Amino acid sequence: MAIRFYNTLTRQKEVFEPLTPGEIRMYTCGPTVYNYAHIGNLRSYLFADLLKRHLKYRGLRVFHVMNITDVEDKIIRSCVETGDTLDALTERYTQAFWEDLETLGLEPADEYPRATHHIDDIVALIKTLQEKGCTYTHEGSVYYRLRSFSDYGKLSHHRLEGLESGASGRVQKDEYGIEDARDFALWKAYDEADGPIYWDTELGRGRPGWHIECSCMSMRYLGESFDIHTGGVDLVFPHHENEIAQSEAATGQPFVRYWMHNAHLLVEGRKMAKSYGNTYTLRDLLEMGYDPIAIRYVLIATHYRQPNNFTFDAVEAAAESLARIRDFRLRLQETQGEGSDLSEAIASHEKAFSEALDDDLNISAALAAAFEFIRETNRRLDAGEVSEEAAHNANALLDRFDQVTGLFPPAEEQSAPDEVLTLVHERQEARRAKDFARADAIRDQLLAMGWAVEDTPDGPRVKRLLERHA
RNA sequence: AGCACAGUGGCAGAGUGGUUAUGUGCCGGGCUGCAAACCCGGAGACGCUGGUUCGAUUCCAGUCUGUGCUUCCA
């Protein structure tokens, strides 16, 4: 079955075929590093992560680039307000961003190019656009002349006329010296308010506009045409539309084949907004005691093109689901002896799982297949009909589910300390002597120490209690 | 205002023109000394109003509500 993705460009699901068979080049619009990423930002990157992991699982090679926007209006404002240097500020939040990605279990991109490290490339690209006649300069700033690009609007399906009328209520354009209110800056001339943040280049003193860095760095690392470009829906217009205009005007080549955009995140049914006080960062949630994998679960478990309603109930439900997964894996590890081989169940559920993801990353159907496998296998384990080898193969299937989703982690070693093992032993003695009051007291004592003991036909099983939100 | 997307059981969230999503929670049962884990069963849903149809949650129209974009917010 072919892999199909919804392409914003065509507004429909299309069969996915990379430019180079077997190799995929993808670009993700990364963070503007002036603050900690909030969970809405992180949803975007988790979507790109799932996409990348699934393509790899399908045997395709993926080269993934994510930019770091480290010069931009808000960053400059923040520097001016705090007195931080640009480098100090952006480095701090870049490191924090990478920490967040690691905490949530995202696979790193292959490259994280930064705008400030590519000023020369950006200037060169702007010069190319100048040579092609699609720019003009006003008061030291270089603007892109939108009407020079006849395909403008093909991604967002905005029509230029509509945008023009939308801008009609503004001040006379002539007063700005900009030919058209829709034109955007490629290069911004230095302003006193920028303080020490500027570059002296052939274009004069100033800094790059926002859109140009993505055109520049994506093509620098991925070529003039590449396969996939991801980002949040809010970037469709104008950011990605402008990227297309810049890139295709400069190269004459189609820029990106598949544009994929994730919907936004709601929190407790409301949009995230500072005024609601619900713009959580990952750090906020960790401080509240939530498990990062449970957070990953909630952020990834909704189809990427659907609005995802982040609720604390959902995080707690996710933590329970993860406990179920862990218990299942522990059970598989303990399984010994002869029995059926499960090969049919493994094959059919893996097929359902992977074909669901082939269908525009239908994660819900994929997770349903995984949980059906767990339930059916638990039933067989209850019946004692699973062989050690089958359990091993089932565990390997869970590894593959984990490879794609990051939601089926291998069970950690449950090496209980000696004092716990001693108590477990004492409890067994008490049970053998039918001293159940003492046995139950020891069980409570162990619980208080953070260990659960469960009796199985093969003896007691000791599990570390999962951290859960109190 | 224009253009999009969405509204499913307590919560989260798929899907389908007629038959169990899945997870979590709840109720009952099995297993257990009791639990836990696990299994089985159950209740509970498709915003509202019309239309098409033998039959609609699924298609169409309208309506209400929410969300996004409309120049730099993932």
Side-chain angles (χ1 to χ4, degrees), chain A residues 8 11 28-32 37-48 69 72-74 146 156-159 162-163 165-167 181-185 188 209-211 230-239 241-242 261-266 268-273 279 297-298 301-328 330-331 356 362-372 374-383 431 434-437 439-440 443-444 447 452-457 460-461 463:
Chain A
T8 307
R11 292 189 181 178
T28 297
C29 275
T32 300
H38 63 243
I39 53 178
N41 301 128
L42 293 168
R43 182 196 188 188
S44 281
Y45 308 127
L46 280 165
F47 147 60
T69 297
E72 180 268 354
D73 290 355
K74 289 190 296 294
L146 257 192
S156 59
H157 303 91
H158 278 126
R159 282 186 302 234
L163 296 174
S165 64
R182 304 162 304 177
D183 292 341
F184 59 91
K188 293 186 167 186
W210 176 43
H211 312 294
T230 75
V233 280
D234 54 299
L235 296 181
V236 174
F237 187 90
H239 183 54
E241 199 70 72
N242 290 352
H261 294 95
N262 61 279
H264 277 192
L265 188 71
L266 303 176
E268 299 290 347
R270 317 175 79 181
K271 64 178 172 181
M272 261 199 306
T279 50
Y297 193 115
V298 172
T302 302
H303 183 83
Y304 72 94
R305 286 192 287 112
Q306 294 295 329
N308 177 340
N309 185 15
F310 185 93
T311 66
F312 293 103
D313 281 351
V315 184
E316 284 164 29
E320 294 302 324
S321 301
L322 290 165
R324 177 174 171 79
I325 290 164
R326 182 198 66 164
D327 287 347
F328 178 62
L330 287 173
R331 235 186 140 181
N362 188 340
I363 183 72
S364 303
L367 292 178
F371 280 107
E372 278 167 11
I374 290 173
R375 176 161 40 79
E376 287 183 23
T377 305
N378 265 323
R379 190 188 306 147
R380 293 193 171 99
L381 287 163
D382 282 352
R431 291 184 69 216
K434 306 264 187 231
D435 184 357
F436 295 120
D440 292 349
R443 184 165 61 198
D444 290 342
L447 275 175
V453 58
E454 300 172 352
D455 299 315
T456 77
R461 172 192 295 151
K463 297 195 305 198

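Within every chain, numbering begins at 1; the chains are lettered A, B, ... in the order of the sequence lines, protein sequences first and strands thereafter. Bear in mind that the values here come from a model prediction, so they are computed numbers and not experimental data.
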So for A/Lys188 and B/C72, does any side-chain atom that can act as donor or acceptor lie under 3.5 Å from a complementary atom in the base?
yes
May I ask you to verify whether the side chain of A/Arg443 and the base of B/A35 hold a donor-acceptor pair under 3.5 Å?
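Yes, a donor-acceptor pair under 3.5 Å.
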On RNA chain B, more 5' by nearest nucleotide between A/Lys74 and A/His157 is A/His157
If you find the nucleotide of RNA chain B closest to A/Ser364 and the one closest to A/Ala317, which residue's nucleotide is nearer the 5' end?
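Nearer the 5' end of the strand: A/Ser364.
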Between [options], which nucleotide gets closest to the side-chain atoms of [X]?
{"X": "A/Arg431", "options": "B/C11, B/A74, B/G33", "result": "B/G33"}
{"X": "A/Pro238", "options": "B/U70, B/A74, B/C39", "result": "B/U70"}
{"X": "A/Val233", "options": "B/G25, B/A74, B/G68", "result": "B/G68"}
{"X": "A/Arg375", "options": "B/U22, B/A74, B/G13", "result": "B/U22"}
{"X": "A/Asp313", "options": "B/A12, B/A74, B/C11", "result": "B/C11"}

Counting any heavy atom closer than 4.0 Å, what does [X] reach on the DNA or RNA strands: base, sugar-phosphate only, or nothing?
{"X": "A/His239", "result": "nothing"}
{"X": "A/Arg43", "result": "nothing"}
{"X": "A/Asn242", "result": "nothing"}

